Structure formats: C-alpha cells, structure tokens
Amino acid sequence: MKHFATVTRVPGDPILGLLDAYRADPNPAKLDLGVGVYKDALGLTPIPRAVKQAEQRLIDSEQTKSYIGGHGDPLFGEQLLQLVLGEGSPALVDKRAGCTQTPGGTGALRLVGDFLAKCLPGRSLWLSDPTWPIHETLFAAARLKVEHYPYVDAANRLDVPAMLETLSRIPRGDMVLLHACCHNPTGYDLSRDDWRQVLDIVRERELLPLFDFAYQGFGDGLDEDAWAVRLFVDALPEVLITSSCSKNFGLYRERTGALIVVAADGESLIDVRSQFASVARNLWSTPPSHGAAVVAMILANPELRQLWQQEVAAKRERIAGLRQGLVDALAPHGLAERFAHIAQQRGMFSYTGLTAEQVLRLRREDSVYLVESGRANIAGLDAERLGQLAAAIARVTA
Ligand code: PLP
C-alpha cells in the first residue's frame with residue numbers, strides 16, 4: 001500500500017516562485033522587489049553589528065542549553081514589553097501586561113489564533129483587505145472564523161471611510177486585527193486622527209483589538225511606530241499584540257517574537273497567560289532561546305542598544321530616501337503626482353498602483369521583479385538605478 005498516494009500537491013508560495021525566476025534571470029541589471037527582507041545598498045541582508053556583538057558575548061557567557069520556560073526568557077519579556085508599550089506605560093505600572101516569547105511574529109500569530117479559537121469561540125476575527133497573505137492561511141489553520149474590512153479602494157488607494165464604515169458594523173465582541181505600522185502589503189498607514197476614530201469604534205462595539213507589530217522602527221521611529229498600540233493600551237482594558245524581532249533586529253532565521261497581552265487586571269493576566277503556555281505546549285513546547293537572548297542583551301545594554309538604534313535608524317532612512325528618490329526620478333516623466341503616494345507610505349512595502357499587466361511587462365522587458373498586486377519591496381531598490389527604473393515605469397504606464 002502506498003500511504004501517500006492520496007496526498008495532493010499544493011502550489012508553492014508565489015513570492016518564492018518569483019525569487020526562483022529572478023535567480024534564473026541572466027540579466028545583470030535585474031532587480032528583486034519581491035521578497036520581504038530588508039536589503040542594504042549592496043542588495044545584502046547583513047547581520048546588524050549590535051547583534052554580532054551580543055552573539056559574541058553570549059557565546060562566552062552562556063552556561064546551559066537546558067530548556068527555557070514556556071513564556072521564554074524573563075529578561076527578554078521585560079525588555080520587549082518596555083520597547084512596545086513604552087517605559088512607564090500604565091499597563092506595566094499596574095502589572096496588567098505580560099509577554100510570551102514565540103518563534104517569530106508568525107509563532108505569536110499562531111499562538112494567539114489557537115488561543116482565540118479555544119477560549120473565545122464563536123467570534124470572528126476581522127482582517128484588512130488586503131492583508132499579509134499568511135494571516136489568511138494561518139488563522140484558517142487555527143480554525144478561526146475570519147471576516148474582512150476594506151482598506152484600499154478599487155484604485156488601490158487607502159480608503160479610511162470604507163474601513164470605518166465596515167468596522168462600525170462589526171458584531172459586538174468580535175476581534176479585529178490591525179497593522180500597528182508599515183501595513184503589509186500596501187505601505188499605507190492610518191493618520192493619528194484615523195486611529196482615534198478606529199479606537200472610538202473599537203470601544204463602542206466592544207471589539208478586542210489584536211495588533212500585528214512586525215516593523216517597529218521601520219516607519220517613523222521606534223516610539224513613533226508604537227503610537228497607535230500605546231493609544232489603545234492606554235485607553236482600553238484588554239489588548240493583544242504580536243511583535244516580531246525579525247526585521248528590526250535582522251534576526252529572521254532565529255525566529256524571535258512575542259505575544260503580548262494587556263488584561264483588565266493582574267488576576268485575568270495570570271489566567272490568560274496560563275492559556276498561552278498551555279496552547280504553546282502543544283505547538284512548540286518551549287521557544288527557541290538564541291534570538292531572544294540576543295534581543296534581551298541588546299536592549300538591556302546601553303552601548304549595544306545605542307548601536308542597534310542607530311542601525312534601525314539607518315534602515316528606516318534608507319527606505320525613506322528610496323521612496324522619495326523614486327518619486328523624484330519619476331518627475332521628469334510627468335509621473336511625480338501619480339506616484340506621490342510611494343513617498344507617503346511607510347515601511348518596506350508599497351502598493352505602487354502598477355497593474356498586473358504592467359508588472360508582467362516590467363518583469364519581461366526590464367527584469368524588474370515585483371508581485372502581481374503591484375506590491376514592491378522598496379528596500380530592494382538600488383539608489384544608483386532609480387532613473388532606469390523610472391524610465392521603465394514610464395514606458396509600461398504610457
Ligand atoms: N506580520 C507581518 C505583517 C509580516 O509581514 C511578517 C513577516 O513578513 C510577520 C508578521 C512575521 O514575521 P516573522 O515570523 O518572520 O517574525
């Protein structure tokens with residue numbers, strides 16, 4: 001008997017397929033704007049210097065490889081809570097906030113998905129349309145019922161009125177996933193005024209907010225990017241946050257992240273965290289140690305922390321410079337206004353507004369690889385060749 005005879009093949013991740021096509025392309029001027037990792041001016045994703053230094057110290061000081069507890073490294077938890085919620089956050093002072101270390105932001109999302117399905121059954125989780133595609137598959141795997149609120153209009157521009165209108169009709173008590181900053185895939189973030197309106201609706205409809213915070217530091221600054229999270233935490237009794245250290249610490253493959261919960265009081269916090277540990281026990285038992293130990297060391301050490309903050313700032317500034325640079329390069333083609341949104345968006349990604357047909361032409365004629373939705377990884381741009389790309393965009397949009 002062939003046990004696997006009935007196993008069907010699932011198609012691979014389309015973004016990784018794009019990477020294969022890029023790698024096979026012999027054109028030396030090719031450009032990969034697909035995969036979502038940060039790249040420097042040389043097109044590389046190097047290990048941050050602060051991480052290298054922390055790793056060196058860890059190798060010298062580490063005493064054991066025995067398991068860490070179900071919630072992970074307590075120092076990591078303490079430091080990350082302060083990074084996300086801000087030092088002196090009332091939720092921290094009141095001891096209503098807790099941190100559970102997870103394998104990356106994805107691990108945090110799966111943990112919260114399983115927790116919500118188990119402990120808050122029958123409620124839907126509302127996602128932005130569009131959202132990071134893994135949100136869709138991951139919450140389906142967790143057997144959560146998912147619904148959508150609009151985020152962009154037919155022309156792929158941010159549509160706040162449509163978003164607010166749908167949010168205000170969500171059944172009382174449902175859950176809503178919000179991108180804390182640097183919305184993936186669109187790059188469109190809400191203004192502070194928009195966030196206040198979302199908060200009013202969340203409060204009025206008694207919704208449970210779940211923030212996906214994967215790009216802290218990539219938008220306007222470490223504290224600035226946490227503004228919406230902190231607004232909600234200061235105003236509401238209960239908030240969930242998934243945090244990723246993949247991008248801002250460059251720790252992608254070390255799988256470092258956390259699920260943060262703010263509860264109504266200390267007793268409720270203990271109840272919820274007991275469920276997190278119990279659910280995690282069936283997923284990965286205890287989290288991997290290395291990346292979190294690196295993050296804890298960097299955040300707790302003033303010298304390493306300063307170096308890390310400089311490195312995050314350099315990444316943020318490179319992305320902002322490339323955004324403005326591309327719009328400037330489009331200006332001689334009379335396209336600065338049409339693509340002005342690229343400079344206003346935040347984070348690594350941009351919904352450029354290019355159609356699938358235009359994207360395919362760029363791929364075929366210019367070896368420029370971006371996702372068919374028109375999403376580009378801005379960090380993949382080459383500052384020296386923005387003029388060339390602008391000319392190609394002008395040609396395919398003519
Ligand atoms: N959430 C969003 C919106 C993301 O874009 C990502 C990574 O691309 C993640 C979460 C999770 O990242 P990781 O699991 O690598 O920490």
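Predicted, not measured: the structure shown is a model, and the values here were computed from it. Whatever order the structure lists them in is the order used to number ligands and atoms, beginning at 1. All heavy atoms count here, side chains included; hydrogens, waters and symmetry mates do not.
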What protein heavy atom is closest to atom 13 (P) of ligand 1, reported as residue, atom name and distance in Å? Ser246 OG, 3.3 Å

Between Arg57 and Glu303 (salt bridge meaning N to carboxylate O under 4.0 Å), is one present in this structure? yes

Using 30° and 60° as the class limits, which term best fits the ring planes of Phe139 and His135: parallel, tilted or perpendicular? parallel

Asp366/Arg395 ion pair, N-O < 4.0 Å: yes

Could you list which atoms of ligand 1 come closer than 4.0 Å to a heavy atom of Asp212? 1 (N), 2 (C), 3 (C), 10 (C)

Return a yes/no value for Gly105: is any of its N or O atoms, backbone included, closer than 3.5 angstrom to an N or O of ligand 1? yes

Counting each atom of ligand 1 from 1 as listed, which ones have a heavy atom of Ser244 under 4.0 Å away? 12 (O), 13 (P), 16 (O)

Does Tyr215 approach ligand 1 within less than 4.0 angstrom via side chain, backbone, both or neither, non-hydrogen atoms only? side chain

For His179 and ligand 1, does the shortest N/O to N/O distance drop below 3.5 Å? no

List the closest protein heavy-atom neighbour of atom 9 (C) of ligand 1: residue, atom name, distance to the nearest 0.1 Å. Trp132 CH2, 3.4 Å

So is Lys30 actually on top of Tyr22's ring, under 6.0 Å and inside 45° of the axis? yes

Give yes if a backbone or side-chain nitrogen or oxygen of Thr256 is under 3.5 Å from a nitrogen or oxygen of ligand 1, and no if not. no

State whether Tyr215 and Lys247 meet the cation-pi test: NZ (Lys) or CZ (Arg) under 6.0 Å from the six-membered ring centroid, and within 45° of the perpendicular axis. no

Which word best sums up how the rings of Phe211 and Trp195 line up, parallel for under 30°, tilted for 30 to 60°, or perpendicular for over 60°? tilted

Go through ligand 1 atom by atom and flag the ones less than 4.0 Å from a non-hydrogen atom of Lys247. 7 (C), 8 (O)

Can you tell me which residue and heavy atom of the protein come closest to atom 14 (O) of ligand 1, and the distance to 0.1 Å? Thr106 OG1, 2.5 Å

Ignoring hydrogens and geometry beyond distance, is a side-chain donor-acceptor pair present between Asp328 and Gln324 at under 3.5 Å? yes

